[in-house]
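Here is the naming used below: chain letters follow the sequence lines, and residue numbers restart at 1 for every chain.
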Number of protein chains: 2
Amino acid sequence: MALKHIAESTVRRLSDYLRFLEELEAQGQQTVSSGELASLGGTTSAQVRKDLSFFGSFGKRGLGYTVTALSRSLRQILGLERTWKVAIIGGGKIGRALAQYHGFRERGFDVVAVYDIDPARIGVSLDGVVVRDQRDLDADLTTLAVDIVLLAVPAEAAQPLVDRVTSAGIRAILNFAPVPVQASSRVAIRSVNMALELEFLAYELVNRDA
Amino acid sequence: MALKHIAESTVRRLSDYLRFLEELEAQGQQTVSSGELASLGGTTSAQVRKDLSFFGSFGKRGLGYTVTALSRSLRQILGLERTWKVAIIGGGKIGRALAQYHGFRERGFDVVAVYDIDPARIGVSLDGVVVRDQRDLDADLTTLAVDIVLLAVPAEAAQPLVDRVTSAGIRAILNFAPVPVQASSRVAIRSVNMALELEFLAYELVNRDA
DNA sequence: CCTTGTGAATCGTTTCACAGCC
DNA sequence: GGCTGTGAAACGATTCACAAGG
């Protein structure tokens, strides 16, 4: 299963579906239809069924999907049956906010270390994680068995750090620096660029129904 | 110009191009080719030319684009020739980090107000912006002439606030709550969901070259 | 010769529509 | 009757390839 390449948009929607399923589970709902999942996520029932069909067939015709079973299947597909170790590079405002963000741990992402180069920031404790010296980074990535690196550093520091952590074997990076970064196709990179999101909204404000 | 609907991906790339152009401008470079812009942004020269072609023809054959002229054109297309007033709802960790994030002001987005419902947070000053009582929100949105609202509140508070601010006339929202929110098609909404980005990376770690 | 601008071709995703099953 | 699963159709975005201009 999952032999072909799956579209990024599909994977993101699966995450959304999982969130809804967990809510429905908490409410004790037994089954759910593709139409119901669709309206929660702002998509269509056909889209939901197609998304799931890439990975198998999980529903019962005439009935829908069993909430708990589908929920478990999605967690397995998304690789959420284990916890993942996350290191944050950059102990500035964004790095600190990320380190203290509870939503990560809730979903199985454990922040195991935060790094900075500024001595004033090293040693500070953030929700139980102490900021470490960035010189220890390369060794730590291996000894701590870090899976995912979050980059919360200035623009000019981003690409060199991508190169550095990928050399150390990291294969997944979430970049918050306001600059596109590149790595080998073996490495998964996502960028979150908040200023760019605002620029998109500015564009929409100027051009929507114009 | 810009009559047809332009793909979101195109608009986002235009923001990237603009960033590169500003760098090149700072370095004093006079002209730039589509290929050069492409390699900076990790795309192709044909993509760059196609993106620009939706809005006009900005280059000279055999020569490329004049850095300053294209830069100005893109700023105009993206609606960045004016500043935009931004209000942040939620004075928790994320709201505070956003309020103090310098990257917004640098790109013409002025944080004019931060709101919270917790009396312990109200009155606190964040980089010159004082956290206000959320009860004042509706009136303030009009009197302060807010253009864009940033939502940095818990999941369950997000949709009600979307409804509330859109009723007050807001037409652009950047949502940081970890839940999809919906509004009329007159309103532009973007969501930044960091846990979802991590889940995508987890999926990639499990499935890439599998 | 170099590089743009763009129709045409390709590729990928979403939507449609219906057969199959509960 | 209701709802899934899925080929086929429609749609949309990217890439190709080349004519035209500097």
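- Counting heavy atoms from C-beta outward, A:Y101 and B:K93 have side chains that stay 4.5 Å or more apart.
- Here the side chain of A:D51 pairs no donor or acceptor atom with the backbone of A:F55 at under 3.5 angstrom.
- Between B:E25 and B:R72, no side-chain nitrogen of the basic residue sits less than 4.0 Å from a carboxylate oxygen of the acidic one, so the salt-bridge criterion is not met.
- No side-chain heavy atom of A:Q182 sits under 4.5 Å from any side-chain heavy atom of A:V162.
- Side-chain atoms of B:T44 come within 3.5 Å of backbone atoms of B:Q47 as a donor-acceptor pair (strictly under, hydrogens ignored).
- Note on the helix from C:dC1-D:dG22 to C:dC22-D:dG1: terminal axis deviation equals 0°, with five pairs used at each end and the result rounded to 10°.
- Counting to the nearest Å, the P atom of C:dG5 and the CZ atom of B:F55 are 14 Å from each other.
- Put simply, chain A comes within 4.0 Å of DNA chain D, heavy atom to any atom, from D:dG2 to D:dA8, going 5' to 3'.
- The environment of CD1 in B:I117 is sparse: at most 12 heavy-atom neighbours from other residues, nucleotides or ligands sit within 6.0 Å.
- Looking at heavy-atom distances under 4.0 Å, A:S9 makes contact with sugar-phosphate atoms alone, never a base.
- Within a 6.0 Å sphere centred on CZ of B:R135, other residues, nucleotides and ligands contribute 12 heavy atoms or fewer.
- Mapped onto DNA chain C by nearest heavy atom, A:A7 and B:G59 fall at different nucleotides, with B:G59 at the one closer to the 5' end.
- In this entry the distance linking CZ of A:F58 with P of C:dC21 reads 19 Å, nearest Å.
- Counting to the nearest Å, the P atom of C:dC11 and the CD1 atom of A:I6 are 19 Å from each other.
- Taking a cutoff of 4.0 Å between a charged side-chain nitrogen and a carboxylate oxygen, B:E199 and A:R75 do not qualify as a salt bridge.
- When rounded to the nearest whole Å, the span between CG of B:L70 and P of C:dT3 equals 16 Å.
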Could you go through B:N193 and B:E197, starting from their C-alpha distance and side-chain angles, then the distance that decides it, and tell me whether this counts as side chain to side chain donor-acceptor pair (under 3.5 Å)? CA-CA 6 Å; B:N193 185 332; B:E197 301 293 340; over 6 Å; no
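- Between A:D147 and A:R82 there is a salt bridge, with a side-chain nitrogen of the basic residue lying less than 4.0 Å from a carboxylate oxygen of the acidic one.
- Note on B:S34: every side-chain N or O is 4.0 Å or more away from OP1 and OP2 of C:dT3.
- With hydrogens and angles disregarded, no donor-acceptor distance shorter than 3.5 Å links the side chain of A:Q27 to the backbone of A:Q29.
- In this structure, A:D51 places its CG atom 17 Å from P of C:dG12, rounding to the nearest Å.
- A:E23 has no carboxylate O lying under 4.0 Å from a charged side-chain N of A:R19, or vice versa, which leaves the two without a salt bridge.
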Could you go over nucleotides 16-18 of chain C and give all protein N or O partners under 3.5 Å, atom names and distances?
{"unit_1": "C:dA17", "atom_1": "N6", "unit_2": "A:R49", "atom_2": "NH2", "d": "3.4"}

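- C:dT3 atom P lies 9 Å from atom CG of B:L63, rounded to whole Å.
- Projected onto DNA chain C by closest heavy-atom contact, B:G62 and B:L52 fall at different nucleotides, the more 5' of which corresponds to B:G62.
- As a whole-Å value, the separation of A:R13 CZ from C:dT14 C1' is 8 Å.
- One can place OH of A:Y65 at 14 Å from C1' of C:dC22, the figure rounded to the nearest angstrom.
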